[in-house]
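Counting starts at 1 for both ligands and their atoms, in listed order.
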Amino acid sequence: MSKKNSIPKHIAIIMDGNGRWASKRGLDRSKGHLKGYENIKPNVIYAKKIGIKCITLFAFSTENWNRSSKEINFIFDLASKVIYEESKFLNKNKVRIIHLGSIDNLPEKMIDRIKKSEEMTKDNKDFTLAVAFNYGSRDEILRAVNKIIDSRIRSQLSEEDFESFFMTNMLSNPDVVIRTGGEKRLSNFLLWQSAYSELIFFDKFWPDFETHDLDLVIDEYNNRIRNFGS
Ligand code: IPE
Ligand code: IPE
Ligand code: MG
């Protein structure tokens with residue numbers, strides 16, 4: 001069979017291993033988050049350059065509230081700073097920013113920055129950067145069901161109708177889900193949307209993930225045969 005040479009349209013990444021990256025070096029976990037956030041930009045720019053159309057990043061899960069308030073606050077401050085500092089650059093590069101997840105309990109300053117970055121970039125068509133922050137797939141599905149109940153829809157829904165209530169409604173399903181950090185689980189990420197995604201795992205921690213690894217992902221993707229049940 002001849003080797004395919006296609007570029008996945010949408011890659012979703014579970015950016016795991018920041019804490020262990022730091023601990024391995026005798027550093028505070030916060031240093032791993034710092035390194036992890038610094039590693040987003042080069043990979044997003046590279047993804048756009050090679051023709052990927054959308055990257056979704058899992059940055060904070062609904063279960064990450066179980067961490068210490070020190071770590072949570074550090075992540076919130078860091079994420080707010082990065083959104084503020086990088087929005088203009090991303091806008092210039094025709095990147096649309098979308099937030100996936102709930103704004104419930106997020107700091108006001110962060111909500112404001114998220115809204116402004118979404119508004120500033122809303123007309124960009126070249127590339128979408130979806131940031132899953134305070135996101136959980138079960139939460140998303142439950143919210144969809146509750147919206148349907150509130151809307152008093154009484155007719156039967158198709159899968160497409162149901163998906164239209166998801167936070168991901170303007171995104172295609174991910175062709176590939178990558179997880180760094182060695183764990184082989186989804187941890188409540190895009191459970192519905194990844195039904196037919198190719199899953200690719202890296203042992204390396206997220207701060208060590210390089211643009212070259214995206215090339216490996218593309219190669220691996222092209223080696224997989226996607227049947228969709230047929
Ligand atoms: C991923 O890295 C970032 C978040 C979940 C916020 P971790 O913080 O989970 O790092 P490890 O898995 O403990 O190494
Ligand atoms: C998944 O990583 C969430 C993010 C990367 C944001 P976790 O570190 O929270 O996942 P578990 O707890 O190991 O399953
Ligand atoms: Mg982890």
Tabulate below the donor-acceptor pairs under 3.5 Å that side-chain atoms of residues 41-51 make, not counting sequence neighbours, or state none.
unit_1: Lys41; atom_1: NZ; unit_2: Glu86; atom_2: OE1; d: 3.0
unit_1: Asn43; atom_1: OD1; unit_2: Thr211; atom_2: N; d: 3.4
unit_1: Asn43; atom_1: ND2; unit_2: Asn39; atom_2: O; d: 2.9
unit_1: Asn43; atom_1: ND2; unit_2: Asn39; atom_2: OD1; d: 3.4
unit_1: Tyr46; atom_1: OH; unit_2: Asp215; atom_2: OD1; d: 2.7
unit_1: Tyr46; atom_1: OH; unit_2: Asp215; atom_2: OD2; d: 3.0
unit_1: Lys48; atom_1: NZ; unit_2: Asn93; atom_2: O; d: 3.0

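- Nearest protein heavy-atom contact of atom 13 (O) of ligand 1 is Arg29 NH2, 3.0 Å.
- Here Phe189 has no heavy atoms under 4.0 Å from ligand 2, in either its backbone or its side chain.
- Hydrophobic clustering (side-chain heavy atoms under 4.5 Å, transitive across Ile, Leu, Val, Met, Phe, Trp, Tyr) groups Trp192 together with Val145.
- At under 3.5 Å, not a single nitrogen or oxygen of Trp21, backbone or side chain, sits near a nitrogen or oxygen of ligand 1.
- Gly181 does not count as a contact of ligand 1, since none of its heavy atoms falls under 4.0 Å from the ligand.
- Backbone and side-chain nitrogen or oxygen atoms of Arg185 are examined, and one is located within less than 3.5 angstrom of a nitrogen or oxygen of ligand 2.
- Closest to atom 6 (C) of ligand 1, if we only count protein heavy atoms, is Ala59 O, 3.4 Å.
- Within the structure, ligand 2 lacks Glu183 among the residues with a heavy atom less than 4.0 angstrom away.
- A salt bridge links Glu119 and Lys122; the closest N-O separation between the charged side-chain nitrogens and carboxylate oxygens is under 4.0 Å.
- Nearest N, O or S atom of Asp16 to the Mg ion (ligand 3): atom OD1.
- Per-residue contacts place His33 under 4.0 angstrom from the following atoms of ligand 1 (heavy atoms of the residue considered): 3 (C), 8 (O).
- For ligand 2 and Phe58, the ligand atoms under 4.0 Å from any heavy atom of the residue are 3 (C), 4 (C), 5 (C), 6 (C).
- Each of Glu38, Arg25, Arg20, Lys35 was checked for a side-chain contact (heavy atoms from CB on, under 4.5 Å) with Pro207, and the lone residue meeting it is Lys35.
- For a threshold of 3.5 Å applied to N or O pairs, the pair formed by Gly19 and ligand 1 contains at least one separation below that value.
- Protein heavy atom at the shortest distance from atom 5 (C) of ligand 1 is Arg67 NH2, 3.3 Å.
- Residue pairs meeting the side chain to side chain donor-acceptor pair (under 3.5 Å) criterion with at least one member in residues 148-158, sequence neighbours excluded: Ser158-Asp161.
- Using a 4.5 Å heavy-atom cutoff, the side chains of Val82 and Ile40 are not in contact.
- Between Ile72 and Asn64 there is no side-chain heavy-atom pair separated by less than 4.5 Å.
- Among protein heavy atoms, atom 9 (O) of ligand 2 sits closest to Asn64 ND2, 2.9 Å.
- Near Ile75, the atoms of ligand 1 lying under 4.0 angstrom from a non-hydrogen atom of the residue are 6 (C).
- Considering only heavy atoms from C-beta on, Leu186 comes within 4.5 Å of Val177 through its side chain.
- Annotation for ligand 2: atoms under 4.0 Å from non-hydrogen atoms of Phe60 are 6 (C).
- At least one side-chain heavy atom of Glu71 sits less than 4.5 Å from a side-chain heavy atom of Ile75.
- The protein heavy-atom contact nearest to atom 14 (O) of ligand 2 is Ser187 OG, 2.6 Å.
- Transitive grouping of hydrophobic side chains (ILVMFWY, heavy atoms separated by less than 4.5 Å) brings Ile97 and Met15 into a common cluster.
- When only non-hydrogen protein atoms are considered, atom 11 (P) of ligand 1 lies nearest to Arg20 NE, 3.5 Å.
- Nearest protein heavy-atom neighbour of atom 1 (C) of ligand 1: Met15 O, 3.0 Å.
- In this structure, Phe189 and Tyr135 have perpendicular ring planes: the angle between them is above 60°, well past the 30° mark.
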